[in-house]
Structure formats: C-alpha cells, structure tokens
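Written below as structure tokens is the structure these notes are about.
The residues of the chain are indexed from 1 along the displayed sequence.
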Amino acid sequence: MAGAEANGSRCSRLGWRGAQGGTRPDADRHRRCGGNVKGLVQLDPAEFDDERLLYSFHFYEPLDFTHQGVAEASDVKGAPWPADEVATPLALVYSKLLIGQDESLAANDRAKKLAEVRRYIESYIGDRWDEDRLKARFGEVRAWAERHDLPPSRLFLGEFSAMRATDHRGGALDADRYRWLSAVRREAEALGAPWAYWEYSNPHGMSLTTADESRRPDIVVLEALGLADKRASLPAAE
C-alpha cells in the first residue's frame, strides 16, 4: 500500500514503482493505493492504473472532532457532532471535570488548561462541520472517480473512527460518535465503496471493543456501523 496523504503524486513516484519491482500479483489479488481525500483526488490513475488496483482513502474529518482526547487535545471532552455552539458549555463542563481529576495541578494551571480547551472548541465550532460538509467531501471522491472512469468497486474507505471518551479520558461522547460514524458509513455506502473500520481492538478508544480490560463489544459503534446483530459472533479480544 502506498500513501498519498499530502501529495497525490507520491503513489506514482514511489509506491507504484515499488509494486512493479516486486513479484507480479496473481489475477485475483489486489494492491491498494491512497491516503486521505485530499491526497486521493490529486492522483492521476492514468500514470499507473491496473484493474487490480484499489484506491483507498482514510476519513477522520474533522480531526478536531475525531481526535479530541488525543495529544495536545487530551483535555478536550464532549466537542459535539455536528459542530454546534449550543453544546459548547456542556463540553467545557466535561473538560473541566476531566482536568480537575489531576490533583497535582495548581488552580492557575487548571484555568490555563481550560482556557486552551475553550479556544480549541471555539475554533472547531467556528469551522461549522456538519453532515452537508461531510457529504461534500465524499462528493469530491465521487467526482474524482467519475472523472477517471473508475467504478465504485475500485474505491475503498480503508479507515475511519473517532476517539471514545471515558470517565478518565477525553474524547467524543457516545451520541456524537454515533452520529458521526453513522454519517460516514452512509456516505461510503452511497458512494458504492466498501469500507473498513479502525480497528477491531485496541486500548486507545478507537475500536469495536471498549478500551477497558473487559474488551466488551462497543454497542454504540456496532449500531452505527449496522453490525449490532453480529455482536454475539464477535471473537474475544485479547
């Protein structure tokens, strides 16, 4: 698999040359090439196209929603989907409670962290991400495929997910995760593209199982993905 996260030509320059240099795949096998939507739509398939090549893209937009609770946004909890300023006060309450769990912080440090969270949420809300904007993003993929005469079966949404909040960690609330995950799945299916969720099991809050030691199926994710009826058949996570 070759990436196209920042530059659409990366796949043709590096990945496809590498693929050609290896053993030729069997007729029933596929290679994948892609990255995020921005990278995908910069690709020119005419440079390296093969009927066995799948064009994969990841979807985590907007990052300020899907990756709240991560890295510099570790104190953010409850930023809503769709972006709605009405929900800002509640997100600040959740974030304040989260920050307050660190008893080693002085009062002024807690205030600084909360101010950073406020700026983060206000910036996110100001971008006005909603379902129409998400649809438009998938529309870019559809337009690109049509422009290059690629059928939907050659497209593949290879990753999508959103960080799950817990009592002791930032992230998206269940209702917002459900709305975002449902919206992304619907758009992929409307596009006619197969999809894969990130991932089956991990301790970080982006998986089909809960992040605690029980590794229980995350029913919110399963419902959003239309997989709730598969819950009993899921193998135990290690």
Side-chain angles (χ1 to χ4, degrees), residues 1-6 10-11 15 30-41 54-74 76-77 79-82 124 129 131 133-135 137-138 140-141 152 154-166 169-228 230-231 233-238:
M1 180 176 177
E5 294 292 339
R10 181 182 173 194
C11 181
H30 292 80
R31 295 188 184 276
R32 293 174 293 158
C33 178
N36 58 19
V37 173
K38 181 180 178 181
L40 178 70
V41 300
L54 301 181
Y55 293 92
S56 173
F57 62 101
H58 300 171
F59 198 86
Y60 292 98
E61 298 180 61
L63 278 173
D64 284 347
F65 172 74
T66 63
H67 284 60
Q68 59 182 303
V70 178
E72 67 272 10
S74 61
V76 181
K77 184 175 183 179
W81 171 264
Y124 163 62
W129 266 94
E131 194 157 347
R133 190 166 172 187
L134 189 148
K135 286 177 181 289
R137 209 69 165 127
F138 276 82
E140 294 179 39
V141 177
R154 299 278 304 280
L155 301 172
F156 176 48
L157 173 54
E159 287 184 22
F160 67 107
S161 192
M163 183 62 66
R164 174 180 182 261
T166 70
R169 186 178 61 203
L173 304 182
D174 284 348
D176 298 307
R177 284 194 307 140
Y178 177 84
R179 283 189 286 266
W180 185 87
L181 291 170
S182 299
V184 173
R185 176 180 65 87
R186 287 195 303 269
E187 290 307 309
E189 293 175 351
L191 184 63
W195 52 263
Y197 179 74
W198 179 271
E199 64 181 326
Y200 180 69
S201 180
N202 68 48
H204 309 300
M206 283 186 170
S207 67
L208 285 176
T209 60
T210 58
D212 57 24
E213 293 183 358
S214 70
R215 296 291 193 271
R216 300 183 312 277
D218 187 330
I219 191 61
V220 171
V221 174
L222 294 177
E223 288 283 356
L225 300 182
L227 299 175
K230 308 295 184 183
R231 180 179 181 182
S233 63
L234 289 175
E238 296 181 357

Could you state the interatomic distance from OG1 (T66) to CZ (R177), rounded to the nearest 0.5 Å?
12.5 Å
Euclidean distance, D218 CG relative to Y178 OH, rounded to 0.5 Å:
12.5 Å
When you compare the side chain of L225 with that of L208, does any pair of heavy atoms fall below 4.5 Å?
yes
Check: R179 and P82 side chains under 4.5 Å, non-hydrogen atoms:
yes
Could you tell me which non-hydrogen atom of G192 sits nearest to which non-hydrogen atom of P152, and how far apart they are?
O-CB, 3.4 Å
Test your reading of the model: is there a side-chain donor-acceptor pair from K77 to the backbone of T166, 3.5 Å cut-off?
yes
On a heavy-atom basis, the closest approach of D64 and Q68 is O-CB, 3.7 Å
A side-chain contact here means heavy atoms from C-beta on lying under 4.5 Å apart; do W180 and L134 qualify?
yes
Mark yes or no for whether T209, through its side chain, and S201, through its backbone, hold a donor-acceptor pair below 3.5 Å.
no
List the steps and the verdict of side chain to side chain donor-acceptor pair (under 3.5 Å) for Y197 and S161.
CA-CA 6 Å; Y197 179 74; S161 192; 3.1 Å; yes
Looking at every heavy atom in both G205 and R169, which two are closest together, and how far apart are they?
CA-NH2, 3.4 Å
Could you tell me whether the side chain of S56 reaches within less than 4.5 Å of the side chain of L54, counting heavy atoms only?
no
Check whether any side-chain heavy atom of H67 sits under 4.5 Å from a side-chain heavy atom of M206, and report yes or no.
yes
Would you check if V141 and L157 make a side-chain contact, meaning some heavy-atom pair closer than 4.5 Å?
no
Taking side-chain hydrogen bond (donor to acceptor under 3.5 Å, both in side chains) as the criterion, tell me which of E159, E187, E189 meets it with W195.
E189
Taking the six-membered ring for Trp and the single ring otherwise, decide whether the centroids of F65 and W129 are under 6.0 Å apart.
no
One pair to check against side chain to side chain contact (heavy atoms under 4.5 Å, CB included): F138 and V37. What are the steps and the verdict?
CA-CA 8 Å; F138 276 82; V37 173; over 6 Å; no
Could you tell me which non-hydrogen atom of P62 sits nearest to which non-hydrogen atom of Y124, and how far apart they are?
CG-CE1, 3.7 Å
Going from NZ on K38 to CG on L40, what distance comes out if it is rounded to the nearest 0.5 angstrom?
13.5 Å
Closest approach of L181 and A224, non-hydrogen atoms and distance?
CB-CB, 3.7 Å
Side chains of N36 and F59 in contact at under 4.5 Å (non-hydrogen atoms):
no
May I ask you to test the R164-V221 pair for a side-chain heavy-atom distance under 4.5 Å?
no
Look only at the side chain of D176 and the backbone of P80, and say whether a donor-acceptor pair between them is shorter than 3.5 Å.
no
Run the ring-centre check on Y55 versus F156 and record whether the distance is less than 6.0 Å.
no
Does E140 pair with R137 as a salt bridge, N-O distance under 4.0 Å?
yes
